[in-house]
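Some notes on the structure that comes next.
Below, chains carry the letters A, B, ... as their sequence lines are ordered, and counting in each starts from 1.
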Amino acid sequence: MNWILGPMLLILLIPIYESFQDEDIWQKMLAFASVSTKTSIMILVISVLRDDWMIGVVGVLVLSVGNASLMLLAQVLKRVNE
Amino acid sequence: MIDQLINIVSYGCIVVGLVFWLWGTWPLVGPRSVLYKLHTLSVADTLGSVAIVVGLLLKIPSEWPLLIMALIALAIWNTILGYVLAYCSTEEPND
Amino acid sequence: MTNVMTDWDLAAITALLPIAAVMTILQKNPYHALVVRGILGAIAALVYALLGAADVALTEALVGTMLAITLYAVAVRSSLVLKLGIIAPVNLPEIELDNGASNGQQDAQQNSNPEDLVHPVSKSLEEIFNLIHSFEDPQELKPLLEDLRVFCDRHSLRLELHPVPDRQALDHAMETKEVHGVALVNGDSSAHPYSVTVRVERLYELMQTELNPAISTLSTTTIKPPPAEKPLVSDASSR
């Protein structure tokens, strides 16, 4: 099962590269959204691989907190751009 | 027999999820508009992640409460996030 | 199934952390840096979870990513601003005049009635509010403001206009540090149509090299606190 993390890591590199290369703030936000979801799913996979409940709970929390922070940041950025 | 079948289905789910991830994340690098990228990204991140989590669920059912919670969080919050990002990234002509 | 992480996976994922950190440092625009900081936070949470520190990962996600980014976004938005005082007709009397002018013919004799004098003002309070908030660039300042907006965009500043009725109010706004600078329209005889005065040293240095010298003359002043605050002090002592 360990092989999952390799492809996941490679796919994770795409939005990271995008966030570095694109100058538009909303494109960066999209990359952030992508990274946030992907990392939390990776945390979940790791927790399942190790059969570690504690890490699993953190994965689920990071999943929802990352989304919440993205929404907050998006609202603030919208106000800024007005 | 059943064990093997479940194993195959779970691997299948995980691979489909990874393919979804790759398919939806790849257009992010291109010069497309924000909304187009948002569309492919939300499909990839939601459906791909759901597929991966379902694969994990079939493989290791002992952690089902966590994984179900992850499924619900993904389905609700990623959808809402898609709407919020689309709303915030488009300029309104008046006001 | 336990302990199956290879060293290579561990090393590869951990290597993402310094990469994201360097990316954060290289961002020039503060808002872009904030977004990349969010990515750094997500990756940091992943690495901490990978290394088995669930509590650290949770703290990083809650505080490092969510709280810090939101607070910094608000802080950057409220501090990176250039307040520019300009002389512009004040909205309040203008509206009164407008209302009076539109109804001028038939209301000529009724205007002596005090109730009618109150009425247009109270009706237009909402309009005043809207006007102040949708304050548009004054026509005569357009070229200068375009130049300034380019300057502000380059340094990710926000340009905020503070319209005041006359020169005296402008000087007062400068003395009380309500504005960072003032813009004036020169007379026709002058070679430059506008003159800009800023009281912030750093702004002056940046503007000196980047503003279009054909449009405006630039000068700086230092506001000396003691003389400006003298009346305030005497007020305070009488309190």
Contact winner vs chain A - B:Asp45, B:Val84, B:Asn78, heavy-atom pairs under 4.5 Å: B:Asp45
Closest approach of B:Ser62 to A:Trp53 (non-hydrogen atoms, all atoms of both residues): O-CZ2, 3.6 Å
Under 4.5 Å from any heavy atom of chain A - which part of B:Leu81: both
Partner chain B: residue of A:Leu10, A:Ile25, A:Leu30, A:Ile14 with the largest heavy-atom pair count (under 4.5 Å): A:Leu30
Top contributor to chain B interface from A:Val45, A:Leu77, A:Asp24 [non-hydrogen pairs under 4.5 Å]: A:Val45
Proximity breakdown for A:Gln21 and chain B, heavy-atom pairs closer than 4.5 Å: side chain
Greatest number of heavy atom pairs closer than 4.5 Å to chain A - which of B:Val53, B:Leu56, B:Leu67: B:Leu56
Closest approach of B:Val29 to A:Glu18 (non-hydrogen atoms, all atoms of both residues): CA-OE1, 3.4 Å
Whether over 12 other heavy atoms sit under 6.0 Å from B:Tyr11 OH: yes
Nearest non-hydrogen partners of A:Pro15 and A:Ala31, listed with the distance: O-CB, 3.3 Å
Side chain / backbone / both / neither for B:Thr46 at chain A, heavy atoms under 4.5 Å: neither
CH2 (B:Trp64) with more than 12 external heavy atoms under 6.0 Å: no
Pick from B:Val15, B:Leu74, B:Ile76 with the largest number of heavy-atom pairs that fall under 4.5 Å of chain A: B:Leu74
Closest heavy-atom pair and its distance - B:Ser49, B:Trp21: OG-NE1, 3.2 Å
Interchain contact, B:Leu41 with chain A, by part (heavy-atom threshold 4.5 Å): side chain
Contact class of A:Ile11 relative to chain B, heavy atoms under 4.5 angstrom: both
Nearest atoms (heavy-atom pairs only) where B:Gly24 meets B:Ala44: CA-CB, 3.3 Å
Contact origin within B:Ile52 toward chain A - heavy atom pairs under 4.5 Å: side chain
Where B:Phe20 and B:Gly48 come nearest, the two heavy atoms and their spacing: CB-CA, 3.6 Å
Contact class of A:Ser36 relative to chain B, heavy atoms under 4.5 angstrom: neither
Side chain / backbone / both / neither for A:Leu63 at chain B, heavy atoms under 4.5 Å: side chain
Stepwise side-chain contact (heavy atoms from CB on, under 4.5 Å) test for A:Met8 and A:Ile41: CA-CA 9 Å; A:Met8 280 180 148; A:Ile41 293 294; 3.8 Å; yes
